[in-house]
Structures are given as C-alpha cells and as structure tokens.
Number of protein chains: 2
Amino acid sequence: MNEDTKKEDRRVRRTRKILTQALTELLQRKQVNEITVKELTDLADMNRGTFYQYYRDIYDMLEKIQDEMFEKLDAIFSLPKDGDVTEQTGPILMDLFRFIEENQEMCRVLLSPNGNMNFLHRLYEVLRNKCLHLSLGSEPMASKEDFDYRYTFMVYGVAGLIRSWVSRNCPEKPEQMAELTNHLIISGGIA
Amino acid sequence: MNEDTKKEDRRVRRTRKILTQALTELLQRKQVNEITVKELTDLADMNRGTFYQYYRDIYDMLEKIQDEMFEKLDAIFSLPKDGDVTEQTGPILMDLFRFIEENQEMCRVLLSPNGNMNFLHRLYEVLRNKCLHLSLGSEPMASKEDFDYRYTFMVYGVAGLIRSWVSRNCPEKPEQMAELTNHLIISGGIA
DNA sequence: GTGTTTTCGAACACCGTGTATTATAATGAC
DNA sequence: GTCATTATAATACACGGTGTTCGAAAACAC
C-alpha cells in the first residue's frame, strides 16, 4: 500500500474512478458546459449527492483531475536520474511522452476543440520549466523579449506536437516523438 | 450604407454591440461558465428576453462572436494583393498581426487560461491554410507524417507567439511581429 | 405620420443545483 | 467474526437561472 492509496478507502477510490470514467466518456461527445452533474451521476449510476462530497461542480472536478495529472508529472521529473544528465533534454522528453501516452485519453479530450485552455497553459509551464531548458546563447544577439518570443515559439511548437500526436491516437512510439521533438528544437534554429 | 449594415436596424447593432461589450468585460474577470445570461443583461442594462432574440446561450454568443472574427479575417486574406506575391508570407503576416491587434481585447480573453480551445483551433486552421503555405521541400527527406509534425510545430509556434503578444498587450508593432515570425519560421529549420 | 420592427416588463413552468437528513452498506482494525 | 467508522443511497427541500410567452411601449425606416 503506497503513499497515494493508503489514505483512501476502497470505496472512495472506486467512486472517484467511476466518476472520472464517466466524465471522460461524456467529454468525448459533448462540451463541458453541456454536462450536468445529474447527467454525470446518472451515467455513473451513482447518487448525485455523492458527487458533491468530492467536487463542487463539473469544472472543479475537471480541475482536480488535471491537478492529479500534473502532480504525477512533477513527480516523474523529480525522480533522480542516472548520472548527471540534468542538462540533457532527451531522457526528460522520453518520460514526458511516455506519460502522455499513458494518459492519452484525458489529454486528447483536454487538447481537443472542446478542451481546456488552462490545461494547455499548465502543459506549457511544465514544458518550459521542466523539459526544455535550452540555452539560446548561440544566437548572435537578441534582446530579452526576442529570447522570450523564441522560447515561446518553441514551447508552443512542442505543445502542438503533443496535441497532434494524441489526436491521432499516438501512432508513433514515445521514443520516436522524443527524438523528433529533440530534433526540431535543436535544428529548429533555437539552440 | 454598406453590405454589412444595411440588413440591420440601428437598434439591432446597438444591442449586439452592448451585449458584446458586456461579455468582454465579464470575461476579463471570470470564466465563461460562471457567467449567466441574467448577469450579462443586468450589466448591459437590457431586458433578458432581448438576449434570447440573438443568442441561445452564453456559449452560442461566444461562438457567434468568433464566427464574425474569422469571417473578417477570411475577408482580409481574400483581398487582391499588389502584384503576384501569393507565395510571400510576409504581407499576409502583416495583415494577420494588424487584425489581431485591432481585436486584441477579445483575442487576449480567448487565448488566456480561461479562454476557448476552439478559438485556438480555428486560429490554427487559418494560420495553416492561409498564412503559412511553406514548402518544406528543402529538407533532405521526410515522410508524410514527419512533414505534418514539422508543420504543426511551426503553426503552433506562431500561435504561441500570438498568444504571448496579446497577453502582453501588444507592445511590439504588428510589423515587428510579422518580421519576427517570418524569421522564426524560415531560420527555424522549417523552410 | 404610418406601418413595421425591436425592446421592454412581466409572468410562467421547468429543471438542475446545492444542501440536509436519515438509513443502509461497505470497510478496516482488532 | 465483531465493532466502530465512514461512505453511499434515498429522499426531500428551497433556490435561482432558464427559456419562452404575451401585450404594451418605444424606436425605426420611409
């Protein structure tokens, strides 16, 4: 029994899981704003009042699900790595794409047109702070703003890759995507 | 009296304008899902029933506002250009950034964390189909998928530039942004 | 001015919301 | 297995926004 589960009753895990599954299913066919708590709990075959024991409303639920995802992601990036390769983006990107593949269903939904802009922004922050520490020093000269725009260009580019990948149901392997990404951000004139 | 206004009663224009202004104001301080029709029409000092004469609900309104924006944008890109410079992205990007600057308030809201993923996707489509016709043929060899990912990387990169720009209240001139963008997509290894 | 169109004010039923209460069932510790 | 604890179910409730309707008043185009 690990750190995550020991605090939770088995019923709580079950309830959260079923609710999340139901929400994922609903999000695949309609927008968040069209989803009611009643509808969700009906689909989950669950008492409506139980929902409110965990979430304030549908949006709160979606946010909490995202919180969980980014907590896990942070945990992955906080793991000690072999040797001292903290400057290498390759292995980090590998971890990233593996994680996204594992959570592709939710990622696909959240990055779709019906998705959530906040999710994209949080992904952007993670990419920027944890995955893509690049030195743009090789460029001859650039202002602070210039640097920032280049960085943004690159980070959003990677976010776009991820969106495209999951929307196609992840046909490429995470390793391939990590390699492609690495290539694009290096040969992409921003390195 | 031009094509756009002749169909509309002055009152209709006024009503639409006031409602749009009120929505823009509300969107700056709260999320879409927290906005009610009652609240909107109260702020607009307008009968609630009048709202329903034009929109089904808040989301419908937001969508129709976006429709208008992209219609205008399409119109701009359909304008005949001097000479035969259809292969040049520079002037097109200039038009694009000028348009975004003019509509920066709404763009800022729609690209913020409280924003609308559908708007980003539509922007993506416009960029891809109208603004960034690039030949990636100079690359030695690439599969169809590879090409697509590179393209996505670039287009999302530009979308990121736009988001970053409007979120800072457009400190740079549209011309500067067009130039920067042009530089990034050309020297950006994708050319 | 006249006919038309829009907005307003008011009323209405409807339904999801959020909360509370009690009873029942599942769980974990022993 | 027993027991105390905790989660879920069942039900009821008031509340408020929704979406629609109607006639009256106002604004409009000509």
Side-chain angles (χ1 to χ4, degrees), chain A residues 1-68 114 116, chain B residues 1-68 114 116:
Chain A
M1 196 177 267
N2 65 34
E3 194 69 25
D4 288 337
T5 53
K6 76 173 179 190
K7 63 185 169 202
E8 280 185 347
D9 192 312
R10 188 190 301 158
R11 288 168 295 183
V12 176
R13 284 200 301 278
R14 180 181 171 277
T15 299
R16 278 215 171 87
K17 189 177 172 188
I18 290 179
L19 284 175
T20 303
Q21 285 174 339
L23 180 62
T24 309
E25 186 178 333
L26 285 175
L27 279 173
Q28 283 166 0
R29 57 168 183 264
K30 55 168 65 181
Q31 302 180 8
V32 200
N33 56 285
E34 297 171 325
I35 300 174
T36 64
V37 175
K38 181 174 176 9
E39 183 179 17
L40 179 72
T41 50
D42 279 353
L43 177 62
D45 194 23
M46 181 168 292
N47 192 286
R48 190 167 60 87
T50 304
F51 174 92
Y52 291 102
Q53 189 136 24
Y54 297 100
Y55 310 110
R56 204 174 52 253
D57 53 39
I58 298 284
Y59 295 91
D60 179 56
M61 178 176 176
L62 203 55
E63 200 178 320
K64 284 193 165 61
I65 290 175
Q66 292 182 41
D67 287 343
E68 266 182 58
N114 292 345
N116 187 302
Chain B
M1 196 176 266
N2 63 35
E3 194 68 27
D4 287 337
T5 52
K6 77 173 180 189
K7 62 185 171 205
E8 280 185 348
D9 194 313
R10 188 190 302 161
R11 290 167 294 182
V12 175
R13 283 199 302 279
R14 179 181 170 279
T15 299
R16 279 215 170 88
K17 188 178 173 187
I18 291 181
L19 284 175
T20 303
Q21 285 173 340
L23 181 61
T24 309
E25 186 179 333
L26 286 176
L27 279 174
Q28 282 167 359
R29 56 168 184 263
K30 52 169 67 185
Q31 301 182 11
V32 200
N33 56 286
E34 296 170 327
I35 300 173
T36 65
V37 175
K38 180 171 176 12
E39 183 180 17
L40 178 74
T41 50
D42 278 353
L43 177 63
D45 194 23
M46 180 167 292
N47 192 285
R48 191 166 59 86
T50 305
F51 174 90
Y52 291 103
Q53 189 138 24
Y54 298 100
Y55 310 109
R56 203 175 52 254
D57 52 40
I58 299 283
Y59 296 91
D60 180 55
M61 179 177 175
L62 202 55
E63 198 179 319
K64 284 193 164 63
I65 290 176
Q66 292 182 40
D67 287 343
E68 265 183 57
N114 292 344
N116 188 304

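Within every chain, numbering begins at 1; the chains are lettered A, B, ... in the order of the sequence lines, protein sequences first and strands thereafter. Just the heavy atoms: all of them, side chains too, but no hydrogens, waters or symmetry mates, feed the values below.
Between the CG atom of A/Asn33 and the P atom of C/dT17 there is a distance of 13 Å, rounded to whole Å. Atoms CG (B/Leu19) and C1' (C/dT7) sit 12 Å apart, rounded to a whole Å. Per the geometry, CZ belonging to A/Arg56 stands 17 Å off C1' belonging to C/dG16, to the nearest Å. Note: CE (B/Met46) to P (D/dA26) measures 17 Å, nearest angstrom. We find that CD of B/Glu39 is positioned 9 Å from P of D/dT18, with the value rounded to whole Å. To the nearest angstrom, P of D/dA29 lies 11 Å from CD of B/Glu8. With rounding to whole Å, A/Asp9 atom CG is found 5 Å from C/dG28 atom P. B/Arg13 has its CZ atom 10 Å from the P atom of D/dC28, to the nearest Å.
Nearest-nucleotide positions on DNA chain D for B/Ile58 and B/Arg11 put B/Ile58 closer to the 5' end. Comparing B/Val12 and B/Arg48 against DNA chain C, the residue whose closest nucleotide sits nearer the 5' end is B/Val12. Residue-to-nucleotide proximity on DNA chain C shows that, of A/Ile35 and A/Asn47, the 5′-proximal contact is made by A/Ile35.
Using a 4.0 Å heavy-atom distance criterion, B/Tyr54 is classed as a sugar-phosphate-only contact. Contact annotation for B/Gln53: base contact, defined as any heavy-atom pair under 4.0 Å involving a base atom.
Remark: B/Tyr52 is not in phosphate contact with D/dT20, judged by side-chain N or O atoms under 4.0 Å from OP1 or OP2. Of the side-chain N and O atoms in A/Thr36, none sit less than 4.0 angstrom from OP1 or OP2 of C/dG16. Under 4.0 angstrom from either OP1 or OP2 of C/dA26 there lies no side-chain N or O belonging to A/Arg10. Between B/Tyr55 and D/dT18, a side-chain N or O to OP1/OP2 separation shorter than 4.0 Å is absent. When the side-chain nitrogen and oxygen atoms of A/Thr15 are compared with OP1 and OP2 of D/dA7, none of them lie within a distance under 4.0 Å.
Taking CD1 from B/Ile35 and CZ from B/Arg29, the interatomic distance works out to 8.5 Å, rounded to the nearest 0.5 Å.
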Can you check side chain to side chain contact (heavy atoms under 4.5 Å, CB included) on A/Leu27 and A/Asn114, steps first, answer last?
-> CA-CA 8 Å; A/Leu27 279 173; A/Asn114 292 345; over 6 Å; no
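A side-chain donor-acceptor contact under 3.5 Å links A/Glu39 to the backbone of A/Thr36.
Environment of NZ in B/Lys30: crowded, with over 12 heavy atoms of neighbouring residues, nucleotides or ligands closer than 6.0 Å.
Residues A/Arg16 and A/Tyr54 share a closest heavy-atom pair of NH2-CD2, 3.7 Å.
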